[in-house]
Chemist: 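This is the structure I have questions about; it appears just below.
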Amino acid sequence: MSGSSKVIENAICTFCGCVCDDIELTVDSGGKYITQAKNACVLGKSWFLEHKVEDFPVALIDGKEASLEEAVEAAAQVFVNAKFPTIYGLSDTTCEAQKEAVAIADYLNGNIDTTTSVCHGPTGMAFQGVGESTASLGEIKNRADFVMYWGGNPAEAHPRHFERYAVNPKSHWLPNGKEDRTIAMVDIRPTQSSMIADIFLQIKPGSDFELLWAMRALVKGRAFDRSVEERTGISLDRLEALVQQMKDCQFGVLFFGMGLTMTRGRHFNAGALLQLVTDLNDFTHFVSLPTRGHGNVTGADNVVSWQTGYPFGVNFNRGYPRFNPGEFTTADVLGRGEADALCVIASDPGSNFSAKAIEHIKSIPVITLDPKPTVTSQHAKVAFTTATYGINVPGTVYRMDNVPLSLRPAFDSPFPSDEMVLRAIKERICELRGITSNHKPVAA
Amino acid sequence: MKLSLHTLPTVPLEAEVICPDKFIGNSLDAISAMTVMHGNQACSLADFFTLTDDGLETIEVDGDLSKVKLIGSEMTQGKIIIKGSVGAHLGALMTGGEILVTGNAEDWVGREISGGRIVIKGDAGHLVGSGVRGSDTGIQGGEIIIHGNAKNEVGNGMRRGLIVIGGNSGDFTGVNMKAGTIMVLGQLGQRPGASMVRGTIFSTQSAQLLPTFTYNTTYKPTFLKRYLIYIKKLGFTIDDAYLNGKYQSWSGDSLELNKGEILLFAE
Ligand code: SF4
C-alpha cells in the first residue's frame, strides 16, 4: 500500500466498552501509523492516533532479550512447574486469545480470572443471585424513553454512549431523540454526565443500597421508614415522583457503573438494582445493563462463561471448574500469597493491586503479554511484546451489551498476537505434559 | 489420632480427608497415604503431617493451618480439635460431630451445615454459615459459635440453626435469612437482615437498620433469656443487664414476608 494512504471504513474502537463500530481510519502511506480517526471521541482518537509500532524486543527473559521460541519455552516451563498457576487480565484482547488462556488454565489445572473481578465482578455475582433482564443497545436506542444512569459518568468514561445509544439518537419510536426521553442520574456528586440529566439525584456517599431498597418498597407498595430521607439526602416527595415516572414509562433502562458495584455493599448493591428492575417489570418493560469499561471485558465474561460455566474467578485445581469470588479471584489469591506463578495478559496488577499482592507478585515467576512495558512486566520472568488488538490484530470483541463484533485492523505489526503466543505456550504445555488429544488426562 | 504439620503448604492445601468419618476403621498407614490436593498436585497426608495414633477417635491437628482448607468437610460424627488457625471451608456440609478451633478461621466456616457444632475461639472470616454462591440456602441446622469477630454475610440464606458471634459481625449479617437465630454480642455491621424472610437476629448494641424494617415494641422476650443462659454455658460472659433487659423488636424485611425480627438491647 506504499504511496497512498489507506482508508478503513467501519473500523472498531476497542478503547471502551461502547466498542463503536463506525470509525473511519486513515493509515499513513508507509502503513505504520494512523493519521485520522473519523467519528471517534477524544479517547478513541488518542487510542488510534497515539498508537505507534515501537521498537521493543519481542520477548525478554529475566530482562534479557530473547527469541519468541525461547520465551515460549520459558513460559511453558514456568507453567508446568507451578502448583497454583494463575492467569489474569484478558479484558483488552480478542475472544480468540481469551479462549486460548482458558484452555491453558484447564490443561494446567490452574486458576483463571479476568479484570471483571475488580470492576463488575459484583454484577456477575448479582446476575447469578438475582438474574438479569436486559436488552441490546440497539433496542435501547430505538425504544427506551426512560434512561437512568446509576454510579457512572459516561460523558467522560464512555463519551459516545449518549450520542450513539441512549440519549440523543432519533428513532422510529423516539422521533425527537433526547426530547422524547427522560434522563435520570444518580451519583454522589455532580459530573459532566449529570449536567445533561432531566433528573439528578445527588445521594450521600454509601447510601445506594438504602435508596434502592426504598425505591423497591415504593414500587411494591410496602412499608418503609422515613429515615431514608436523612440517610440518603433525597426527599420522599422526589423519590415518589421518580418511581411513578419509572412505572409510567414505556421502556425503561437502568445503566450502572462502578460507583455502585465497587462501593461498600458491592454485589448486594448490584443485586438491589437488578431486583428493582425485576419489580418494575410488574408495571412496565424495564431492563438493566452494566456500563463496562475495557474494550473486551464483556468478551472475557462470555468466553470464560461458555468454556467453564462461570464468568471469572474460576479454579481448575481439581480438574473441574469451581467459581468462588474472594477465594479464586486474583487480587485475593495474590493478597493471601497463594499463587506460585502468574500470567498477566493485557493488564497491570503490579501498579493497581494492594501492597501485599504486589509484594507477592515480586516473589513469584510472572509471565506478561502486553503491547508495551508495564510495571508488572518489569518484574516478569518472561515478558512478551504483542500486537495491539483492533489496530493490528483481527478477531472478535463483545460490546457491553453482549453483542459480538469483528475487528477491522488498520495495519500489520511485527509482533505476534496474544492468541499466537498463548496458543504456542498451550501447545508446548501439552507436549511437556504428554497431552496428545483434545482430552486432558483425568485429574487426581 | 494426632496430626502435626511438618511442612508448610506453599499454595492452598485441600484436606477434606481430615475428618473422623474418613479415618474410622483405617490403619495409620492407610490414613497417612490419603490424598490431599496441594494446588493442582495430588499428595499424601504424610507429605505434610506427622501422624501419631494415640488410640483416640478424636482428631487433634496442630500447626499453622491457615492455608489448609475443607477440614472436617461432610463430617457426620466424632470430634476434631485444631490447635491454631485454620483455612477456608472448615466443616463444610457437616451434619454431625464437633469441631473446635483454638485460633482464627478463614472464610466460609460451616458452609451449608445441617447439624453438629463448630466452635472458633478466635475470629472468623466472611460468610460464616452461608450457602455457596448461586444457592439461596445457607445452614439448615447445627451450631456455629465464634468467640471473636466475624466478617460480612454471617448466615447468608440461613434456614435453621444457631450462629453466635461473641464480638462484632460484619455487613449484611443474616442477609436472605429464611429462619434460625443469629446472636451477635457485639455490634452488627451495616444492613443486617436485608431480604430476610423469617428468623431472628439479636444484638446487645443498637444498630442502624434498613428503611424496610419497622419498629414494633420494646419488651422482655422470654426465649431470649433461655438462649443467653445457654450460650453463657458455652463459655461466654453475659452481663446480667442483658439477661434481664428489655429489647426493641423490629420487623422486616418488608420487601419479603416481613416476618423476620431484629432484637436490639434497649435498657
Ligand atoms: S466511546 Fe469508547 S469505543 Fe466509542 S470511540 Fe470513544 S473510546 Fe472508542
Chemist: Between CG of B:N40 and CG of A:L108, what distance do you get to the nearest 0.5 Å?
Modeler: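 Answer for the CG-CG pair, B:N40 versus A:L108, is 7.5 Å.
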Chemist: Any carboxylate oxygen within less than 4.0 angstrom of a Lys/Arg side-chain nitrogen, looking at A:E210 and B:R191?
Modeler: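 Looking at B:R191 together with A:E210, the answer is yes, because their closest N to O distance falls below 4.0 Å.
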Chemist: Take a 6.0 Å sphere around NZ of A:K204 and say whether it holds more than 12 heavy atoms from other residues, nucleotides or ligands.
Modeler: yes
Chemist: If I measure from the heavy atoms of chain A, does B:V132 come under 4.5 Å with its side chain, its backbone, both, or neither?
Modeler: neither
Chemist: Test side chain to side chain donor-acceptor pair (under 3.5 Å) on A:E327 and B:H126 and set out the steps.
Modeler: CA-CA 11 Å; A:E327 186 173 10; B:H126 298 292; over 6 Å; no
Chemist: Quick check: are there more than 12 heavy atoms from other residues, nucleotides or ligands sitting under 6.0 Å from NZ of A:K381?
Modeler: no
Chemist: Could you check which of A:H267, A:K220, A:Q275, A:R336 has the highest count of heavy-atom pairs closer than 4.5 Å to chain B?
Modeler: A:H267
Chemist: Answer with side chain, backbone, both or neither: which region of A:A82 has an atom nearer than 4.5 Å to a non-hydrogen atom of chain B?
Modeler: backbone
Chemist: Is there a side-chain contact between A:R222 and B:T212 (heavy atoms, below 4.5 Å)?
Modeler: no
Chemist: Say you draw a straight line from CE of B:M37 to CZ of A:R318; how long is it, rounded to the nearest 0.5 Å?
Modeler: 6.0 Å
Chemist: May I ask you to decide if the ring planes of A:F268 and B:F172 are parallel, tilted or perpendicular, using 30° and 60° as cut-offs?
Modeler: parallel
Chemist: What option among B:P12, B:G134, B:S135 has the most heavy-atom pairs under 4.5 Å with chain A?
Modeler: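 Among B:P12, B:G134, B:S135, the one with the most close pairs to chain A is B:P12.
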Chemist: With the side chain counted from C-beta on, respond yes when B:S195 and A:W213 share a heavy-atom pair under 4.5 Å apart, and no when they do not.
Modeler: yes
Chemist: Name the region of A:R226, side chain, backbone, both or neither, that has any atom closer than 4.5 Å to a heavy atom of chain B.
Modeler: neither
Chemist: Using a cut-off of under 4.5 Å on heavy-atom pairs, state which of B:K67, B:H38, B:E14 scores highest against chain A.
Modeler: B:E14
Chemist: Would you mind checking which part of B:D253 comes under 4.5 Å of any heavy atom in chain A, side chain (CB onward), backbone (N, CA, C, O), both or neither?
Modeler: side chain
Chemist: With a sphere of 6.0 Å drawn around NZ of B:K83, does it hold more than 12 non-hydrogen atoms of other residues, nucleotides or ligands?
Modeler: no
Chemist: Between A:R266 and chain B, which part of the residue has a heavy atom less than 4.5 Å away: side chain, backbone, both or neither?
Modeler: neither
Chemist: If you count heavy-atom pairs under 4.5 Å with chain A, which of B:L127, B:D136, B:V175 comes out on top?
Modeler: B:V175
Chemist: B:L210 versus chain A, heavy atoms under 4.5 Å apart: side chain, backbone, both or neither?
Modeler: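 Side chain only.
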Chemist: Please examine the side chains of A:N324 and B:H89, heavy atoms only from C-beta on, and report whether any two atoms are closer than 4.5 Å.
Modeler: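 A side-chain contact under 4.5 Å exists here.
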Chemist: Check whether any side-chain heavy atom of B:V11 sits under 4.5 Å from a side-chain heavy atom of A:E338, and report yes or no.
Modeler: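 No; the side chains remain at least 4.5 Å from each other.
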Chemist: Of the non-hydrogen atoms in A:A223 and B:S254, which two are nearest, and what is the gap between them?
Modeler: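 Looks like O-OG, 2.6 Å.
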